[in-house]
Amino acid sequence: MLARVALAAIIASAPVPHSRVVSADPIDSTPHVLDGIVNAIVVVGRTVVVGGSFSEVSDASRTTVHPRDNLFAYDLVTGRVLPGFAPSVAGPVYGLAAGDGGTVYVGGEFHGVDNRRARALARLKLADGALVPGFQPRIGGGMVTALARQGPDLYVGGDFTSPRPALARLDATTGTPDAGFDIEPGSPLTSRVKIYALAVSGRRLAVDGTFTTLDGHSRPQLGLIDIGGAAARVAPWRTEAYARRCSSSFPSYVRGLDFSPDGRYFAVVTTGGPKGGMCDTTARFETYAKGSAIRPTWVNSTGGDSLYAVAVTGAAVYVGGHQRWLDNPRGRDSAGPGAVSRPGIGAIHPSTGKALSWNPTRERGIGVKAFYAHASGLLVGSDTTRLGREYHARIGMFPLP
C-alpha cells in the first residue's frame with residue numbers, strides 16, 4: 001500500500017512519457033466504484049474524470065457513498081470525490097477527452113444529461129457538470145465509443161450515422177463537422193460499421209473497428225489517416241495482420257490501440273478466442289512505415305484470453321483484459337512453453353515485445369477497459385475490485401516510483 005502523502009506535490013496534465021515502469025503497489029487514495037464497470041478515464045489538470053456504467057461511488061475509506069449516474073470526478077492528489085460534479089448521464093459512457101477551460105468531452109450511449117437533450121456526445125463543465133453552451137455536435141443514429149482531442153479538433157468514433165458514418169472530426173468548440181475530413185469506414189465484418197478505438201499523434205490518426213475499407217482502400221480492421229494537410233486522406237499504410245478470421249464469436253476482434261509518446265509507433269490489442277495468429281494478442285507497428293503488407297514489429301500472445309485496453313508510455317506497453325498469461329504464442333486456452341502468469345494486467349517491453357517482470361495482478365472479471373497514463377502514474381479502470389492484491393473497486397492507480 002502506498003500512502004496518499006506520496007502524491008502531495010503532484011499535478012497531472014496530458015499524457016506524458018515515463019522513464020520508468022510504474023510501481024506494482026497501487027496508491028491508497030483512489031475512490032471506489034461500487035457497481036458496474038469503468039469504461040473511460042481522463043485527467044484534466046488535477047481532476048480525474050471517470051465514465052462507465054455505474055450508479056454509486058465511495059471515498060477511499062468507504063465511509064461515504066455518493067450517487068453518480070455513469071460519470072464522476074475526483075481530485076488526483078487527495079482522492080476526494082468532487083461534490084459539484086454530479087451530472088446525471090442517461091446511459092453508459094464509453095469515451096472521454098479533456099477540453100479547454102475546465103471542461104470534458106463525454107461520449108457514449110445516452111440521450112441526455114440532467115434531463116437536457118445531449119445525444120451520444122456532450123461537453124461538460126468540471127465546476128458544476130453543466131452542459132457547455134454552444135457545443136452542438138448533432139450525433140445521430142448510434143453511440144460514441146471513442147474520443148481523441150488534438151488542438152481545435154475533436155475526433156469521434158462509434159457506430160453513429162450522422163454527421164458522418166462511424167467516424168468524424170468536429171470543431172472542438174462548436175461541435176460542427178469538419179468538411180475537410182470525409183474518410184468513410186466501409187465493408188464491415190458485422191451488420192454495421194463500428195469504430196472501437198482511435199488515437200491521434202502529430203499527423204496521424206489511428207483507427208480500428210469492424211471495417212475492412214477506409215474510403216474504399218483495403219484496410220482490414222486497422223488503418224492510419226494522414227491529418228496533416230487541409231483535407232484528411234488515408235495514409236499509405238496497410239497491414240494484412242488482421243485479415244485472418246478468429247473465432248466465429250468475434251467477426252471483428254481488434255479492440256484497443258495507443259501511440260507511443262513520440263508517435264513513432266503504436267500498439268494494438270485484440271480479442272478473438274484461442275485460434276492463434278493475431279487473435280488475443282498485443283502487437284507493435286511502426287507509424288511511418290509505408291507499404292501494402294506491413295508486418296508487426298513484434299507480437300505477444302495471451303494464448304486464448306481477450307485484451308481490451310493498452311497504454312504506451314515509452315518505458316512499457318501496459319495491457320489489460322481478462323488474460324491469464326503473456327509470452328504464450330503456443331497456448332490454446334492453456335499455458336504453452338514459455339508462458340508467464342500475468343492475471344488481468346501486464347506490461348511488455350516496447351523494443352523486445354517480451355513481458356516485463358511487472359506483475360501486480362488483478363481480479364480478472366470481464367477485463368480492463370481503460371488506462372490513462374499521466375505525469376504521476378497509470379490509472380486503471382475495470383469491472384472488478386482487486387488490484388495489486390488490494391481492494392480497489394473498479395478504479396486504481398499505479399504511481400511512478
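All values reported here derive from a predicted model rather than from experimental measurement.
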* Asked: Where do L124 and V113 land on the side chain to side chain contact (heavy atoms under 4.5 Å, CB included) test, with the steps shown first?
  -> CA-CA 9 Å; L124 305 180; V113 176; 4.1 Å; yes
Here's one to test your reading of the geometry: is the NZ or CZ of R255 within 45 degrees of the ring axis of Y196 and under 6.0 Å from its centre?
yes
Margin query: Ignoring hydrogens and geometry beyond distance, is a side-chain donor-acceptor pair present between E363 and T385 at under 3.5 Å?
Written below: yes
Requested in this report: Flag the pair D114 and R116 as a salt bridge only when some basic side-chain nitrogen lies within less than 4.0 angstrom of an acidic carboxylate oxygen.
Outcome: no
task: Kindly say whether R238 contributes a backbone atom to a donor-acceptor pair with the side chain of S292 at under 3.5 angstrom?
output: no
Practice prompt. May I ask you to check whether over 12 heavy atoms, not counting those of R138, lie within 6.0 Å of atom CZ?
Written response: no
Chi angles and distances behind the side chain to side chain contact (heavy atoms under 4.5 Å, CB included) call for V38, K369: CA-CA 7 Å; V38 168; K369 288 297 184 77; over 6 Å; no
All heavy atoms of I139 vs all of P163, minimum pair found to be CD1-CD, 3.7 Å
Is the number of heavy atoms from other residues, nucleotides or ligands under 6.0 Å of R245 CZ greater than 12? no
L154 vs L121 side-chain heavy atoms within contact, under 4.5 Å: yes
Discussion item. What I'd like to find out is whether the side chain of V42 reaches to under 4.5 Å of the side chain of V44, using heavy atoms alone.
Written reply: yes
Query raised in the report: Where do D208 and I195 land on the side chain to side chain contact (heavy atoms under 4.5 Å, CB included) test, with the steps shown first?
Result: CA-CA 6 Å; D208 71 46; I195 299 296; 5.7 Å; no
dist L224:CG -> Y288:OH (nearest 0.5 Å) comes out at 9.0 Å
Practice item. Examine R62 relative to Y391 and say whether NZ or CZ is less than 6.0 Å from the centre of the six-membered ring and inside a 45° cone about the ring axis. Key: yes
(Q) Measuring only between side-chain heavy atoms, which start at C-beta, is H32 closer than 4.5 Å to S61? (A) no
Parallel, tilted or perpendicular: which describes the rings of Y242 and Y253, with under 30° parallel and over 60° perpendicular?
perpendicular
TODO: Please answer whether the main-chain N or O of I37 pairs with a side-chain N or O of S53 as donor and acceptor at a distance below 3.5 Å.
DONE: no
Correct closest heavy-atom pair for D333 and W325 would be C-CZ3, 4.1 Å
Looking at G91, is its backbone amide N or carbonyl O close enough to the side chain of N70 to form a donor-acceptor pair, meaning the two atoms are under 3.5 Å apart?
yes
Rounding to 0.5 Å, atoms CG (N328) and CG (D305) come to a distance of 8.5 Å
Just by modelled atom types, is the S55 backbone N or O under 3.5 Å from a matching donor or acceptor in the D35 side chain? yes
Residue R192 excluded, over 12 heavy atoms near CZ under 6.0 Å: yes
Minimal heavy-atom distance between I395 and H392, with the atoms involved, is O-CB, 3.6 Å
Handout entry: Side-chain ion pair, R169 and D178, N-O less than 4.0 Å
Key = yes
Does the Lys NZ or Arg CZ of R284 fall within the cation-pi geometry relative to Y265 - under 6.0 Å from the ring centre and within 45° of the axis? yes
| Hey, are D171 and T176 close enough side-chain-wise for a donor-acceptor pair under 3.5 Å? | no
In terms of heavy-atom contacts, G272 and C246 come closest through O-CB, 3.2 Å
Pairwise side-chain contact, V368 with Y308, heavy-atom cut-off 4.5 Å (strictly under): no
Criterion side chain to side chain contact (heavy atoms under 4.5 Å, CB included) on I225 and L167, from CA distance to verdict = CA-CA 11 Å; I225 298 170; L167 183 64; 3.8 Å; yes
CG (L198) and CG (L147) are apart, to the nearest 0.5 Å, by 7.5 Å
If you take the centroid of each ring, where Trp contributes its six-membered ring, are F85 and Y74 closer together than 6.0 Å?
no
To the nearest 0.5 Å, atom CG of L378 lies from atom OG of S23 at 11.0 Å
### Message
Whether the side chain of R149 engages the backbone of G151 through a donor-acceptor N/O pair (distance < 3.5 Å, no angle test) should be reported.
### Response
yes
Validation row: N39, V93 side chains within 4.5 angstrom (heavy atoms)
no
Here the pair of heavy atoms bringing A60 nearest to D28 is CB-O, 3.4 Å
Within-4.5 Å side-chain heavy-atom neighbours: P401 and R20: yes
Quick test of your reading of the model: are R46 and D75 salt-bridged, counting only N-O distances below 4.0 Å? yes
Check your understanding: Is T281 reaching over with its side chain to a backbone N or O of N300, donor-acceptor style, under 3.5 angstrom?
Key -> no
Q. Within the distance-only criterion (no hydrogens, no angle test), does the side chain of Q323 pair as donor or acceptor with the backbone N or O of P343 below 3.5 angstrom?
A. no
Quiz item: Quick check: does any side chain N or O of H322 sit under 3.5 Å from a backbone N or O of R364, one acting as donor and the other as acceptor?
Solution: no
query: Do we see a donor-acceptor contact under 3.5 Å between the side chains of R123 and T103?
result: yes
**Report entry** Side-chain H-bond candidate by donor/acceptor type, T64 with H66, under 3.5 Å
**Finding:** no
dist D327:CG -> T302:OG1 (nearest 0.5 Å) comes out at 11.0 Å
Please tell me whether R219 and T212 have a donor and an acceptor in their side chains that are separated by less than 3.5 angstrom. no
Residues S19 and A315: closest non-hydrogen pair is C-CB, 4.0 Å
- Salt bridge or not for D226 and R204, using N-O below 4.0 Å? yes
- request: Using a 4.5 Å cut-off on heavy atoms from C-beta on, say whether the side chain of V310 contacts that of F266.
  value: no
Determine, for E56 against R68, whether the closest basic-nitrogen to carboxylate-oxygen distance falls under 4.0 angstrom.
-> no
- Query: Counting N and O atoms only, with roles assigned by atom type, does the side chain of R389 sit under 3.5 Å from a partner on the main chain of P360, one being a donor and the other an acceptor?
  - Reply: yes
Side chains of S306 and T271, donor plus acceptor under 3.5 Å | yes
The ring pair (Phe, Tyr, Trp, His ring centres under 6.0 Å) partner of F398 among Y372, W358, F371, Y318 is W358
To the nearest 0.5 Å, atom CZ of R394 lies from atom CG of D383 at 7.0 Å
Do V299 and P329 come within less than 4.5 Å of each other through their side chains, counting heavy atoms only?
-> no
- [ ] Assess whether side-chain hydrogen bond (donor to acceptor under 3.5 Å, both in side chains) is satisfied between T239 and R295, documenting all intermediate values.
- [x] CA-CA 6 Å; T239 181; R295 299 177 62 85; over 6 Å; no
Q) Is there a donor-acceptor contact under 3.5 Å from the side chain of R80 to the main chain of D59? A) no
Checking F285 against W237 for the ring-ring contact (aromatic ring centres under 6.0 Å, His included) test, could you report, in this order, the C-alpha distance in whole Å, the side-chain angles of both residues, the deciding distance, and whether it holds?
CA-CA 10 Å; F285 293 94; W237 188 104; 5.5 Å; yes
